Student: 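Take a look at the following structure, please.
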Amino acid sequence: MSVAKPIILKIGGSVITDKNGELAARTEVINRLAEETQKAGVKNLIIVHGGGSFGHPTAQKYGIKEGLKDDAQKVGFAETHHVMTVLNGLVMDALVWHSIPAFSIAPSCCLVTENGRIKICEDTILETLLNMGFVPVLYGDAVLDEKLGFTVLSGDQIVSYLARKFGAAEIVIGVDTDGLYDADPKVAKNAKLYTHLTVSELEKVKSTLGGSTAADVTGGMLGKISELVPAVEQGIPVTMVNASKPNRVYKALIGEKVEGTFIEKA
Ligand code: IPE
């Protein structure tokens, strides 16, 4: 079974939640993004969202990323997955009420990692849904790991993996800044936005990209970019836009010129 080249949209946890709070969803932003997605009407779309103030604080509290060392962490593994399903429920609510045939797929039920990297992917259901015209929705999750017992799998690793597996036409990454900067734009006033980068240029500027200040167990912006590099190397372009600002995701989805950072192979 093969799939017509999908577009993969990642919505960062810092866009749909307040990363400085705990379990703090931005429902008005979630609704606007659902509206933009509906308006864009992309065929063959996969959506992946992050954890923000749902997944990260819980995962951090119980040391889920580092793996199973103590039975007391088991409730934390369960809780991390559970809070992600709660956030996913809010995203699903918005998508379905905007008449998008979105269908939630729990990554922890179809993906298994080995030392934090995806090793097993049961993708029959995802592929069938995609072929039938549904919009599969996944998220960063607490997953089983063959070596660690369990770990945290970032939405970005899922995006990069699925993009390569299905030969995606494009990856759109919605973040809470205008794109990639040569310094943290939230701290440095004169930080410069990179509008276009090739993979080799990206490798050179990687050291200037910061991590995240809020609780983030999957490595902030640097972690995000490192995950995407293999997909770009395979020829899949990445458009990074500010999903906190209206219409940026919409424009990126329909291929219209938009402010952001465009990353391609060469
Ligand atoms: C994290 O997913 C998921 C958990 C912590 C369980 P991501 O790493 O994709 O989330 P964001 O986008 O950084 O919030």
Side-chain angles (χ1 to χ4, degrees), residues 8-26 29-30 33 46-68 73-91 104-109 111-113 116-118 137-145 148-163 171-177 179-180 184 186 209-228 231 238 240-244 249:
I8 306 192
L9 170 65
K10 161 89 198 278
I11 299 293
S14 46
V15 173
I16 55 172
T17 74
D18 175 359
K19 262 196 164 177
N20 297 313
E22 214 169 303
L23 305 178
R26 292 193 165 117
V29 175
I30 295 173
L33 289 169
I46 299 175
I47 298 176
V48 180
H49 67 79
S53 64
F54 283 69
H56 287 286
T58 318
Q60 198 168 43
K61 180 173 161 200
Y62 292 95
I64 301 305
K65 186 162 199 275
E66 291 69 36
L68 174 61
Q73 287 173 293
K74 285 183 183 167
V75 70
F77 178 70
E79 193 179 317
T80 304
H81 170 67
H82 175 64
V83 292
M84 284 310 303
T85 67
V86 173
L87 177 59
N88 178 249
L90 299 175
V91 172
S104 173
I105 297 177
S108 46
C109 297
L111 298 167
V112 176
T113 57
R117 309 305 304 169
I118 295 170
V137 182
L138 299 92
Y139 46 88
D141 200 1
V143 300
L144 295 177
D145 186 287
L148 303 169
F150 52 56
T151 192
V152 173
L153 174 61
S154 76
D156 301 295
Q157 191 184 150
I158 297 175
V159 165
S160 183
Y161 182 89
L162 293 180
I171 295 172
V172 175
I173 305 281
V175 289
D176 68 340
T177 60
L180 286 181
D184 184 350
K186 285 175 185 153
L209 310 171
S212 172
T213 40
D216 190 326
V217 299
T218 50
M221 196 59 97
L222 189 56
K224 209 175 269 308
I225 290 306
S226 306
E227 286 298 351
L228 296 171
V238 171
M240 188 178 278
V241 293
N242 195 335
S244 300
V249 165

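Counting starts at 1 for both ligands and their atoms, in listed order. The structure displayed is predicted, hence computed values, not measured ones.
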Student: Might you point out which heavy atoms bring His81 and Ala142 nearest each other, and give the distance in Å?
Tutor: N-CB, 4.1 Å
Student: Which of the numbered atoms in ligand 1 are under 4.0 angstrom from any heavy atom belonging to Lys10?
Tutor: 9 (O), 12 (O)
Student: Could you work out, for atom 12 (O) of ligand 1, the closest of Gly13, Ser154, Pro107 by heavy-atom distance?
Tutor: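 The nearest heavy atom belongs to Gly13.
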Student: Please tell me if the side chains of Lys224 and Lys10 come closer than 4.5 Å, counting only heavy atoms from C-beta onward.
Tutor: yes
Student: Search all heavy atoms of Tyr62 against all heavy atoms of Gln73 and return the closest pair with its distance.
Tutor: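 Smallest interatomic distance, heavy atoms only, reads O-NE2, 3.0 Å.
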Student: Which ligand 1 atoms, with their elements, are less than 4.0 angstrom from a heavy-atom of Gly52?
Tutor: 14 (O)
Student: Return the minimal non-hydrogen interatomic distance between Asp176 and Val15, and the atom names on each side.
Tutor: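 So the two residues come closest at N-CG2, 3.8 Å.
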Student: Who gets closest to atom 9 (O) of ligand 1 by heavy atom: Gly174, Gly155, Pro57?
Tutor: Gly155
Student: Going by heavy-atom distance to atom 13 (O) of ligand 1, choose the closest among Glu227, His56, His49.
Tutor: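 The nearest heavy atom belongs to His56.
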Student: Taking only heavy atoms of Lys19 into account, list the atoms of ligand 1 that are under 4.0 Å away from them.
Tutor: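 Atoms satisfying the 4.0 Å criterion: 13 (O), 14 (O).
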Student: With respect to atom 2 (O) of ligand 1, which of Gly12, Gly140, Ser108 exhibits the smallest heavy-atom separation?
Tutor: Gly140
Student: When you look at Met84 and His49, which way does the side-chain contact (heavy atoms from CB on, under 4.5 Å) test go after all the steps?
Tutor: CA-CA 10 Å; Met84 284 310 303; His49 67 79; 4.1 Å; yes
Student: By the salt bridge (Lys or Arg N to Asp or Glu O under 4.0 Å) test, which pairs, at least two apart or in different chains, include something from residues 47-56?
Tutor: none
Student: Which of the atoms of ligand 1 are close to Val152, meaning less than 4.0 Å from one of its heavy atoms?
Tutor: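 Near Val152, meaning under 4.0 Å from one of its heavy atoms, ligand 1 has 4 (C), 5 (C), 6 (C).
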Student: Can you name the atoms of ligand 1, numbered from 1 with element, that are less than 4.0 Å from a heavy atom of Gly55?
Tutor: 4 (C), 5 (C), 6 (C)
Student: For ligand 1, which atoms sit closer than 4.0 Å to a heavy atom of Thr80?
Tutor: 6 (C)
Student: Show the nearest heavy-atom pair for residues Val143 and Ser108, with the distance to one decimal.
Tutor: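 Closest pair (atom of Val143, atom of Ser108, distance): CG1-CA, 3.8 Å.
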